[in-house]
Each structure stands twice: as structure tokens, then as C-alpha cells.
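What follows is one structure encoded as C-alpha cells, with my remarks underneath.
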Amino acid sequence: MPWFPDMAISAFCDTVQLLKKIVGKRQLPLTSARQVLEPSSAEFIAALAAGSNSHSILQVGCGLSTIALAAAARATGTCLLSVHTDKQKQEIVRHHVTHLGLIDFVDFIMDEATEAISQREEFDFAVFTGDPKCYIRVFDLLKLKHGAIVIADNALHDCTNQYIKHVRRQPGVESSSLPLGRGIEVT
């Protein structure tokens with residue numbers, strides 16, 4: 001897979017600045033802030049998505065990762081598909097994305113992930129930050145391009161053990177846990 005360092009650096013730095021505006025001012029409600037990726041994970045994911053020149057990006061869940069992935073989408077000239085079932089949380093994130101000038105790079109879908117992705121084309125980058133109980137089901141439904149990257153949040157918690165075992169058993173798939181934030185599984 002080719003690597004595009006200029007896009008990775010751009011998305012990383014952009015994410016750092018954007019998250020400072022949100023997290024630094026504590027603009028996310030406490031209930032939401034506990035449920036989203038930690039900034040270090042979000043910054044890494046933005047750099048990875050942009051550096052791999054991803055053009056079909058999916059997010060299951062929403063929060064700081066939406067801002068990071070929108071920055072990556074801006075760097076690669078594409079649009080993020082963000083799927084979530086909580087309308088209130090999605091509206092809060094939409095407000096911040098709009099305020100940060102990233103709304104043109106995010107398509108918000110309010111639906112179950114399994115329904116929203118079943119009729120979509122192949123993805124080359126996907127991030128799961130929602131309920132870990134659905135990670136396996138969503139992973140199995142994904143249509144992925146060759147060399148696609150899938151990130152799952154909470155890799156250091158027991159709630160993702162079954163998912164991690166599942167993806168690591170897939171033929172031709174490499175997967176590792178990274179100790180960023182609450183842990184991320186990179187597949």
C-alpha cells in the first residue's frame with residue numbers, strides 16, 4: 001500500500017488543531033466525552049486514513065473520531081460516511097463539524113450500521129467507535145477493498161475480546177492492538 005506522508009501530516013496537524021478547539025474548551029457534554037475516542041487515538045486515525053489515501057471512509061459511531069476522519073477526508077478530497085443511531089449525539093457532533101468547517105466532508109446517516117452499509121460499495125477505511133457488541137456483525141458485512149484498514153476502539157477492554165479473536169482468524173488478514181487511548185485494534 002502506498003503511503004502519502006504529506007497527507008498524513010496534514011490530517012494529523014489539522015486534527016490536533018481542531019480537537020483543541022473542541023476538547024480544550026470542553027464543548028462536548030461530559031456524557032459524550034466519555035464515549036468518544038481519546039485525542040491521541042483520533043489523531044493517529046486521521047493520519048492513518050489520510051496517509052493511506054483513503055477515498056471511501058466509514059465510521060460506525062460518532063464523536064471526536066468524526067472530526068478526525070473529516071480532517072482526513074478533507075486531506076484526501078473525499079467524504080466520510082458516519083453512521084450512528086443516537087440522534088442527539090449525532091446532532092451535537094454535526095454542530096461541531098459544521099462550526100469547524102468540515103460539514104462538506106461528512107455524510108451523517110442515522111441508522112443501524114448493518115442496515116446503512118449493506119448496500120454500500122467497498123470501503124478502504126473503516127472505524128468502529130460504537131457498541132463493541134456489534135463489531136463482529138458489522139465487520140462481516142463490510143465490503144472491503146484489497147488492502148483496506150479497519151480500526152476498532154476499546155481494544156484494551158474485555159468487551160472487544162471476541163471481535164479481536166474473530167478478525168485475527170480471518171484468512172489473509174493481519175491485525176494488531178495498539179495501546180493508544182483505550183486501545184485500538186488495527187486490521
Side-chain angles (χ1 to χ4, degrees), residues 1 8 11-12 15 19 23 28-52 54 56-70 72 80-90 92-93 109-120 122-187:
M1 166 190 351
F12 179 87
T15 301
L19 294 181
V23 177
L28 285 175
L30 288 178
T31 56
S32 293
R34 289 189 195 115
Q35 299 171 2
V36 297
L37 281 177
E38 295 179 25
S40 61
S41 298
E43 294 156 357
F44 174 80
I45 288 169
L48 188 58
S52 60
S54 299
S56 183
I57 305 171
L58 168 70
Q59 173 194 31
V60 177
C62 68
L64 292 180
S65 56
T66 310
I67 295 164
L69 291 167
L80 160 68
L81 177 65
S82 179
V83 181
H84 201 280
T85 57
D86 184 333
K87 184 177 182 175
Q88 182 181 9
K89 186 172 181 182
Q90 198 175 61
I92 291 168
V93 172
I109 306 284
M110 197 177 84
D111 201 351
E112 292 292 331
T114 53
E115 296 297 318
I117 65 171
S118 63
Q119 298 170 27
R120 300 288 175 162
E122 296 179 323
F123 294 99
D124 54 13
F125 200 90
V127 177
F128 304 156
T129 60
D131 181 5
K133 294 177 202 157
C134 75
Y135 286 5
I136 292 173
R137 196 177 35 195
V138 173
F139 179 84
D140 288 346
L141 285 173
L142 282 177
K143 297 172 199 141
L144 297 169
K145 293 179 182 176
H146 178 73
I149 297 170
V150 179
I151 306 281
D153 192 25
N154 290 309
L156 298 179
H157 295 275
D158 291 341
C159 61
T160 56
N161 286 345
Q162 292 303 315
Y163 170 79
I164 292 169
K165 289 176 187 174
H166 180 74
V167 296
R168 290 180 180 182
R169 285 191 296 250
Q170 303 304 309
V173 171
E174 294 180 31
S175 194
S176 298
S177 295
L178 300 178
L180 293 172
R182 297 179 300 227
I184 57 174
E185 183 72 8
V186 180
T187 305

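Just the heavy atoms: all of them, side chains too, but no hydrogens, waters or symmetry mates, feed the values below. Along the sequence shown, residues are numbered consecutively beginning with 1.
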With a 4.5 Å limit on heavy-atom distance, are the side chains of [X] and [Y] in contact?
{"X": "V186", "Y": "S176", "value": "no"}
{"X": "V138", "Y": "T114", "value": "yes"}
{"X": "Q59", "Y": "L81", "value": "no"}

Restricting to side chain to side chain contact (heavy atoms under 4.5 Å, CB included), what partner residues turn up for R168, sequence neighbours left out? I164, S175, S177, E185

So which heavy atom on [X] is nearest to which on [Y], and how close?
{"X": "L156", "Y": "G183", "result": "CG-CA, 3.5 Å"}
{"X": "G181", "Y": "S40", "result": "N-OG, 3.7 Å"}
{"X": "A8", "Y": "G51", "result": "CB-CA, 3.6 Å"}
{"X": "V173", "Y": "V167", "result": "CG1-O, 3.6 Å"}
{"X": "T160", "Y": "P132", "result": "CG2-CB, 3.9 Å"}
{"X": "L142", "Y": "F123", "result": "CD2-CD1, 3.9 Å"}

For residues 134-150, pull every pair meeting salt bridge (Lys or Arg N to Asp or Glu O under 4.0 Å), keeping only residues two or more places apart or in separate chains. none

Donor-acceptor pair, distance only, cut-off 3.5 Å: does the side chain of [X] make one with the backbone of [Y]?
{"X": "S41", "Y": "L180", "result": "yes"}
{"X": "K89", "Y": "G63", "result": "no"}
{"X": "S52", "Y": "A49", "result": "yes"}
{"X": "N154", "Y": "H157", "result": "no"}

Should I149 and D124 be marked as a side chain to side chain contact (heavy atoms under 4.5 Å, CB included) after you check the CA-CA gap, both sets of side-chain angles, and the distance that decides it? CA-CA 6 Å; I149 297 170; D124 54 13; over 6 Å; no

Which word best sums up how the rings of Y163 and F139 line up, parallel for under 30°, tilted for 30 to 60°, or perpendicular for over 60°? perpendicular

When E115, H84, R120 are each screened for side chain to side chain contact (heavy atoms under 4.5 Å, CB included) with I109, the one that passes is R120

Kindly compute the distance separating [atom1] ([X]) from [atom2] ([Y]), expressed to the nearest 0.5 Å.
{"X": "K165", "Y": "N161", "atom1": "NZ", "atom2": "CG", "result": "6.0 Å"}
{"X": "S82", "Y": "I57", "atom1": "OG", "atom2": "CD1", "result": "11.5 Å"}
{"X": "T129", "Y": "R182", "atom1": "OG1", "atom2": "CZ", "result": "8.5 Å"}
{"X": "I151", "Y": "S65", "atom1": "CD1", "atom2": "OG", "result": "11.0 Å"}
{"X": "I117", "Y": "D111", "atom1": "CD1", "atom2": "CG", "result": "10.5 Å"}
{"X": "F128", "Y": "T187", "atom1": "CZ", "atom2": "OG1", "result": "8.5 Å"}

Pair T15-E43, side-chain donor/acceptor within less than 3.5 Å: no

Give the C-alpha distance, both sets of side-chain angles, the deciding distance and a yes or no for side chain to side chain contact (heavy atoms under 4.5 Å, CB included) between L69 and F125. CA-CA 10 Å; L69 291 167; F125 200 90; 3.9 Å; yes

Between L19 and L64, is a side chain to side chain contact (heavy atoms under 4.5 Å, CB included) present by the stated rule, with each step listed? CA-CA 7 Å; L19 294 181; L64 292 180; 3.5 Å; yes

